[in-house]
Amino acid sequence: PCYLAFESAFPAADAWLALTSVICAVGLSRRRPRSVLYGIAAGSAFIYLGLMDTLYNLEHGMYASIGPEMAGEIGINVTCFLFGPFLMSYVWRHRRWLGA
């Protein structure tokens with residue numbers, strides 16, 4: 001029950017992540033300079049949410065029982081930790097191509 005309460009506290013943060021990701025993706029497809037800003041914002045949001053989830057799971061012993069739900073959660077966390085830095089690095093390395 002406390003895990004569901006924890007997860008239900010994140011709609012605003014998840015919405016911010018989705019919004020910045022969409023703006024970045026659209027900007028990348030159109031080679032807009034704002035892609036750099038929104039890519040860095042989205043990448044840092046991925047890392048932040050991954051850290052929050054991982055810390056909660058560690059503090060509450062959630063990794064002790066790895067079932068299908070926890071395996072999915074681990075997959076999401078790993079994706080956050082890999083994609084966040086990749087996205088920030090990508091938009092920064094290509095900022096001149098984007099006109100920033």
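Keep in mind that the numbers below use all heavy atoms, side chains included, and drop hydrogens, waters and symmetry copies. Quick caveat, the model's predicted, so the values are computed rather than measured.
Shown here for Ala45 and Leu17, the closest heavy-atom pair between the two residues is CB-CD1, 3.9 Å. Nearest heavy-atom pair across Cys80 and Gly50 is CB-CA, 4.0 Å. Residues Leu49 and Ala13 approach most closely at CD2-CB, 3.8 Å, considering heavy atoms. Between Gly27 and Ser35, the shortest heavy-atom contact is C-OG, 2.8 Å. Across all their heavy atoms, Phe10 and Met52 have their closest contact at CZ-CB, 4.1 Å. Between Gly39 and Cys24, the closest heavy-atom pair is CA-SG, 3.5 Å.
Between Phe86 and Phe83, the ring-plane angle classifies as tilted under the 30° and 60° cut-offs.
For the atom pair CD1 (Ile74) and CD (Glu69), the distance works out to 11.5 Å, reported to the nearest 0.5 Å. Interatomic distance, CZ of Phe46 versus CG of Asn77, reported as 12.0 Å (0.5 Å rounding). In this structure, CG in Leu87 is found 7.5 Å from CG in Leu28, a value given to the nearest 0.5 Å. To the nearest 0.5 angstrom, Thr79 atom OG1 is 10.5 Å from Phe81 atom CZ.
Cluster membership for Val91 and Leu82, using ILVMFWY side-chain heavy atoms within less than 4.5 angstrom, is shared. Connection of Leu58 to Met70 is established within a shared hydrophobic cluster, with ILVMFWY side chains joined at heavy-atom distances below 4.5 Å, either directly or through further cluster members. Cluster membership for Leu98 and Tyr90, using ILVMFWY side-chain heavy atoms within less than 4.5 angstrom, is shared. Residues Tyr63 and Tyr56 are members of one and the same hydrophobic cluster, defined by side-chain heavy-atom contacts under 4.5 angstrom among Ile, Leu, Val, Met, Phe, Trp and Tyr.
By the neighbour-count criterion of 12 heavy atoms within 6.0 Å, atom CZ of Arg96 is sparsely surrounded, having that number or fewer from other residues, nucleotides or ligands. With a 6.0 Å radius and a threshold of 12 heavy atoms from other residues, nucleotides or ligands, Trp97 has its CH2 atom above the threshold.
Each of Leu19, Ile23, Val26 was evaluated against Tyr38; a single residue qualifies, Ile23, per the side-chain contact (heavy atoms from CB on, under 4.5 Å) test.
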**Request:** Could you walk me through whether Met88 and Ile47 pass the side chain to side chain contact (heavy atoms under 4.5 Å, CB included) test, one step at a time?
**Result:** CA-CA 10 Å; Met88 290 188 292; Ile47 295 168; 3.3 Å; yes
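Side chain of Arg34 to main chain of Arg32: no donor-acceptor pair is present (N/O by atom type, distance under 3.5 Å, no hydrogens or angles). A distance-only check finds no donor-acceptor pair linking the side chain of Thr54 to the backbone of Leu51 [under 3.5 Å].
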